Amino acid sequence: MSKINLRVNGESQSIDVPPMKRLLDVLREDLHLTGTKEGCGEGECGACAVLMNGELVNSCLIPALQASGATLCTIEGVAQNNTLHPIQQCFLERGGAQCGICTPGMILATHHLLDKYPDPTMEQIQEGLAGNLCRCTGYMRIFESVKKAAEVRATT
Amino acid sequence: MQESQPILGASPLRKEGRAKVLGAARYIDDITLPGMWHGATVRSSIARGTIRSITFDPAIDWPQFTIVRATDIPGENTIVHLTKDHPCLADPHINHPNEPILLLAHPDKTALIAAVKGVKIEYDELPGVFTIEDSEAAVENEDAARIIWPGSDAGGTANCFKQYLMYTGDKDEAEAGINAAFEAADFVVEGEYSTGAQEQLYIENNGVIAECFRDALGAIESVCVRGSMQCPYYLVHALTLVFNLPEDKCRVIQVETGGAFGGKEDFPSVIGSHAALLAMKCGHPVKIVYDRAEDMAATTKRHPSRTRHRTAVSKDGRLLAGTIDIAIDGGAYATLSPVVLSRATIHAPGPYKWPHLRVRAKAMATNIPPHGAFRGFGAPQSLFALERHMDKVAQAVGLSAEELRRRNFLATGDCTATGQLLSEPVDMQHLLTRALADSGYHEKLARFEEENKTSSIKRGVGFAAFMHGTGFTGSGERRLNSLVHVDILEDGRPCILVSSTEFGQGTNTILSQVAAQTLRMPYESIVVAQPDTSVVPNSGPTVASRTAMIVGKLVERACEKTLATLRESEGLPEDFTPQQFTAATLAYRAKHGSLRSSVRYEPVAKIYWDDDLYRGDAYPGYAWAVYVAEVAVDMNTYMATCTRFDALQEVGKVMHPVLAKGQIEGGVAQGIGYALYEKCVWQNGHMANNQMTNYIMPTSADLPPIHVHFEETPCIHGPGGAKGIGELPMDGPAPAILNAIENATGMSFTAIPLLPEDIFERVTAMKNAGSEALNPGVDLDTESEVTA
Amino acid sequence: MHSDVSQFALTAPPTLEAVLQQLATEPGKQTPIAGGTEIMVALGVGRLPQRSFVSIQHLRELRFIRVDADAIHIGAGVTFTDIRRSKEIADDLPLLIQSASWTGSVANQNRGTLGGNICNASPAADTPPALLAYGAAVTLISSAGLRTVRYEDFHLGYKKTLLRPDELLHTITVPRNFSGYRQYIRKIGTRNAQAISKTALAAVAKIEGDIIADIRLGAASLADRPLRCAATEAALLNRSVAPAHLEVTIKAARAALAGEAKPIDDIRSTGKYRAAVAANLLEEFLRSLAS
């Protein structure tokens, strides 16, 4: 077992886990943050995506020890004081979420994308979200949600 | 309030949407019950045979585990749908790879990994059958060794789960008419078309948590299963047989479900029964959640199909007669194959007038995990064949694809091939005109023809014209006899109680809209009860594109009944405000304790359907559509991509524009995958590419812009005139895309999925160079240990 | 999840020197893990025979991009995202940028490393074709010291490399002399993103007049290892791409490639398809030289 200290959604956490335990399982089981989902376990679907030190990563592919000392943002940390983040609001209004299982990862991928490209082209959006599979939407409503979120971000 | 804009037809926020974007929605794997154990399934490694022995590795501390075998089943060892051929746990016969044999439970999920491996099973293998052709051959050759399914009391014969024979009219007259037409025809066009299996690939795998409750004497009193599913009452029914319990002792609760598409229609009966058996034996709640590899390998997929068309047509392009022979691969057990076959049969004639038509259809057995429901449910298979064939007929006759359709479209007042009078308006001529205009079809035809001469990237356009019947076939809705309650809660909020489930398609939202509209109450005030069978009535399964039209109508009627009650009892005025409504409900409740309106299904108009002759009113309503695909085929890489898609459909009433668009776009995306990307690679009945790395679903970088347009011709059956749209978008993309590829390259392909390797094989005329030459046994990049 | 994670050990010694010490102590007993995008997949499916891992993901000593007059020196711990963000690499080594951009997804690019991509030694890996075309060299480090070899000599067979059990890949050195070269890279996958290569071709060529004065070709999924197409290069050297000679040149190139490419049928594609498409890519490249 290894003692892992990390910061998750602004809170310090200290846990004792096997060092090869997947960060995904640490989040879900040890920290009871079940917003991050397992869709494939092989880094293909992006349902497990979180922000680690500001970078989008698939938490199913990260051993706990490598998250030691990291600052994490999961979907639970996106809204502020129960107020939806603009990205969340746009996904809600524009039909970006249907069954919702890909939504946490998709929102974090959008967050990461808009940090890099505040006014993304369609190509940049498609590329930025290509690691997040959605089986319900065909991505069109998600693109709309991202474009709207970029607009809102620009005006605030 | 809503005098400005009616709520039905608006796009209010998704009812459970806030929780979803917050990541607060709780799917089954997010839920833990106190004292919960975990379950795992020991599965067969062979496709067909019998179990000779089961031994347990002494290295495992077995007393820690609970083991369930077939002999532990208190009721019947069966997963019931239409027949009882499907065991809950195999004993001793194995009929497909990954067939469940034993169940294990343990408090620690990790302990199960070694335990499952520690169960050693020896088999006596039998020869397996893995294709429709092999299954047919076994019957034809009377090869007893390859008769893998004996027949049934429900119309099944050796290796054949079900057959249908459908005629346009009296059988003898139709046969005579067909023969005469073929004699006299100017052209006879034949074609064979095939479709492969398709994995639903919901991003959330199957999962359940089950509990078993015993009385003071230790006898089983009841079971309760929570899980990811579409049809709670289907699971209730399955549990009644497995446990020999009455329905009211089998409680099922649907929790937030991460996608389904039919893949969680029949399958939950299996996993739910398994978890409940483990809970029964270990005395704890048991959670079973599959991982992706297990879900893909062991659960249902879309039925592969083979359709043969033979068509007599006049030189001016009129269909004179046709014979259509359909075969679908049902896998190892019957499950829902007869119903999939039914829909395939009825949709085979498409939106056209057939003076004489015979459709023969059969569902064959193979040693593959049983195939099941997937959005479209037989219609994508037969409509693929039909719309490819219509382009072929057009070419034979020398007409454009467009003109051939125009000369044969059904119109208002015509009868379908089953003899259903199209009394509600249908205008395929207009839909075709508009779809081709919206997509720039004619301009592209001309431009691409010119550009293709000097480009190694060949571009083309193609379309598909089709319809999709909404609701259960014929008398199905009457048999379902759906029941809906609308309650008024203590605080005056209206509450909808249905067994219809939300899994992304918008059930909660549209039903709330209907209630809000009818009761003239704010959308936000409407509550939808969680589908808990101890609380909600059976409003039928959430399938067959029936929720909006059938259940929505029931919700509307229940709300009207509430208003009638309040008018009569509390003098609710004609023009009431929400405040008046609330006051009236509270007053009523104060007197009577509760206010519930219950309604049962009644067809709005009489529905005549003959199940034996397969004639009459096949479906209460049809949505009509024309889809147009634009493709680019790179002749250096043989890759075909869809570069633009236009989807036009007439749907009665668009209840929620954002949700409706989302449904069509999502369905088109799955259809594009069905046509060009999603191949199941089989190895002796086992899905070898059972991981997301190797089962190729389109990403956001692969899909084209999808343009969606609606028309509305209100239908009498649905609220506000709505028809169903959930499955419709699955039917059009594949034939439209392959029609476009033929336009682009001059090459006619008749099988999907169409991979670059298949295009390569055709272009180069090389033998065995297409996707049939994929080697499922070799996967050097995703397996760290290469298995021998 | 098919592995019991409690059976796996993972340590993260603070310095490169400490890691090398550990590797030297019991060679072969410890497996280095960088970004984990391959190893953790194997863990998930239960196909990870190794039990003891040493993390190198945090080592600053391995994550650098240094430019001197002749070459760019890339630390093995550099991620695909680091590569994509590097102006220096973009200026001199566009093929490497391209190949990094189509490796996995953004999330995987943020974690996957150049060193991991090379040492995992899949014949389908995305960066090796570019590195072969550029004539890279690799520096290997152990507690005994450093050694530098030509990258084209690094792969010995299917998932077999020159790397000793006590060694780590330290630096990938890529010469900076391609400014006068025509460059080409194309990957053919099962889809546009997140796709394992069915085949890929990277090419650099110097054209003087109409003559191919220098040419290097690297390919994926045409052999049991990333393939430097030496025979095809030899067949093309000093050939003409003038209109009058182009077809003959293409024909010779195709014949040579057919001789040295031995692609297999697997779960994703067929040998015939791979061979044909690789040859088409080569032709596409050669035709681009003519204009």
Side-chain angles (χ1 to χ4, degrees), chain A residues 28-29 32-47 74-79 82 84-85 87-105 107-108 122-123 125-144, chain B residues 11 13-14 16-27 29-31 200-205 256-261 289 291-293 502-506 656-659 661-670 672-673 691-693 697-703 705-706 708 729 782:
Chain A
R28 290 178 57 82
E29 294 168 12
H32 309 291
L33 295 167
T34 57
T36 309
K37 311 295 181 193
E38 174 164 359
C40 73
E42 50 184 306
E44 285 285 317
C45 73
T74 69
I75 185 66
E76 291 91 345
V78 173
N82 225 27
L84 295 183
H85 187 284
I87 295 174
Q88 291 169 310
Q89 187 66 34
C90 292
F91 267 70
L92 188 55
E93 287 171 6
R94 297 271 157 136
Q98 285 190 26
C99 82
I101 197 81
C102 79
T103 304
I107 286 177
L108 288 163
M122 191 55 183
E123 218 177 82
I125 296 174
Q126 284 180 288
E127 200 220 357
L129 302 185
N132 294 78
L133 299 180
C134 174
R135 193 53 159 167
C136 294
T137 65
Y139 305 104
M140 303 295 298
R141 302 293 105 219
I142 293 176
F143 295 153
E144 292 296 309
Chain B
S11 295
L13 296 185
R14 175 179 280 275
E16 74 295 338
R18 188 185 164 86
K20 283 175 172 172
V21 299
L22 282 170
R26 301 193 76 218
Y27 303 81
D29 201 23
D30 302 329
I31 296 171
Q200 295 88 348
L201 213 67
Y202 26 75
I203 305 294
E204 184 215 12
N205 294 309
E256 199 73 77
T257 296
F261 317 110
V289 173
D291 70 6
R292 184 58 60 183
E502 172 69 58
F503 39 87
Q505 81 288 42
H656 187 303
V658 170
L659 278 185
K661 271 198 163 181
Q663 278 295 280
I664 303 301
E665 290 157 354
V668 167
Q670 288 179 339
I672 292 173
Q691 50 186 138
M692 284 215 187
T693 306
M697 185 199 120
T699 67
S700 61
D702 296 291
L703 290 173
I706 302 170
V708 177
T782 59

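Computation of the quantities below employed the complete heavy-atom set of this structure, encompassing side-chain atoms and omitting hydrogens, waters and symmetry-equivalent molecules. Here the structure is a predicted model, which is why all the values come from computation and not from measurement.
Counting heavy-atom pairs closer than 4.5 Å to chain B, the top-ranked of the candidates A/Leu84, A/Thr103, A/Leu129 is A/Leu84. Considering only heavy-atom pairs separated by less than 4.5 Å from chain B, the leading option among A/Gln98, A/His85, A/Arg141, A/Glu144 is A/Gln98. No other option in B/Glu256, B/Glu502, B/Lys661, B/Arg26 has as many heavy-atom pairs under 4.5 Å with chain A as B/Lys661. Top candidate by heavy-atom pairs under 4.5 Å with chain A, chosen from B/Gly17, B/Gly666, B/Ala24, B/Ala701, is B/Gly666. Of the residues considered (B/Val708, B/Asp291, B/Asp29, B/Ile664), B/Asp29 shows the highest number of contacts with chain A, using heavy-atom pairs under 4.5 Å. For chain B, the option among A/Gly43, A/Ala97, A/Cys102, A/Ala47 with the highest count of heavy-atom pairs below 4.5 Å is A/Ala97. Listed options B/Gln200, B/Gln505, B/His656 were ranked by heavy-atom pairs under 4.5 angstrom with chain A; first place goes to B/Gln200.
Of all the heavy atoms in A/Gly138 and B/Ala669, the pair that sits closest is CA-CB, 3.6 Å. The two atoms that bring A/Pro104 and B/Gly23 nearest to each other are CG-CA, 4.2 Å, heavy atoms only. Across every non-hydrogen atom of B/Leu22 and A/Ala79, the tightest pair is CD2-CB, 3.5 Å. Shown here for B/Tyr27 and A/Cys99, the closest heavy-atom pair between the two residues is OH-O, 2.7 Å.
Electrostatic pairing of A/Lys37 and B/Glu204 does not count as a salt bridge here, judged by no charged N lying under 4.0 Å from a carboxylate O.
One distance of note links CZ of B/Arg18 with CD of A/Gln89; it measures 8.0 Å at 0.5 Å rounding. A/Glu44 contributes atom CD, which lies 3.5 Å from atom OG1 of B/Thr693 (distance to the nearest 0.5 angstrom). Here the CD-CZ distance, from A/Glu42 to B/Arg292, works out to 9.0 Å after rounding to the nearest 0.5 Å. Taking CG from A/Leu133 and CE from B/Met692, the interatomic distance works out to 6.0 Å, rounded to the nearest 0.5 Å. Residue B/Phe261 holds its CZ atom at 3.5 Å from SG of A/Cys136, rounded to the nearest 0.5 Å. Atom-to-atom distance recorded for B/Ile706:CD1 and A/Tyr139:OH is 10.5 Å, nearest 0.5 angstrom.
Residue A/Asn132: no heavy atom, backbone or side chain, is found under 4.5 Å from chain B. If you measure heavy-atom distances from B/Glu16 to chain A, the contacts under 4.5 Å come from the side chain alone. In this structure, chain A has no heavy atom under 4.5 Å from any part of B/Leu659. Within the 4.5 angstrom heavy-atom criterion, only side-chain atoms of B/Asn205, from C-beta onward, approach chain A. If you measure heavy-atom distances from B/Ala25 to chain A, the contacts under 4.5 Å come from the backbone alone. Both the backbone and the side chain of B/Val658 come within less than 4.5 Å of a heavy atom of chain A.
A/Thr137 places no side-chain N or O within donor-acceptor distance of the main-chain N or O of B/Gly662, the cut-off being under 3.5 Å.
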- Item | CA sep, side-chain torsions, deciding dist, call: A/Gln126, B/Asp702, side-chain contact (heavy atoms from CB on, under 4.5 Å) | CA-CA 9 Å; A/Gln126 284 180 288; B/Asp702 296 291; over 6 Å; no
- After noting the C-alpha distance and the side-chain angles of B/Val289 and A/Glu38, does the key distance pass the side-chain contact (heavy atoms from CB on, under 4.5 Å) rule? CA-CA 11 Å; B/Val289 173; A/Glu38 174 164 359; over 6 Å; no
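Applying side chain to side chain contact (heavy atoms under 4.5 Å, CB included) to B/Val21 and the options A/Ile87, A/Val78, A/Ile107 leaves one that passes, A/Ile107.
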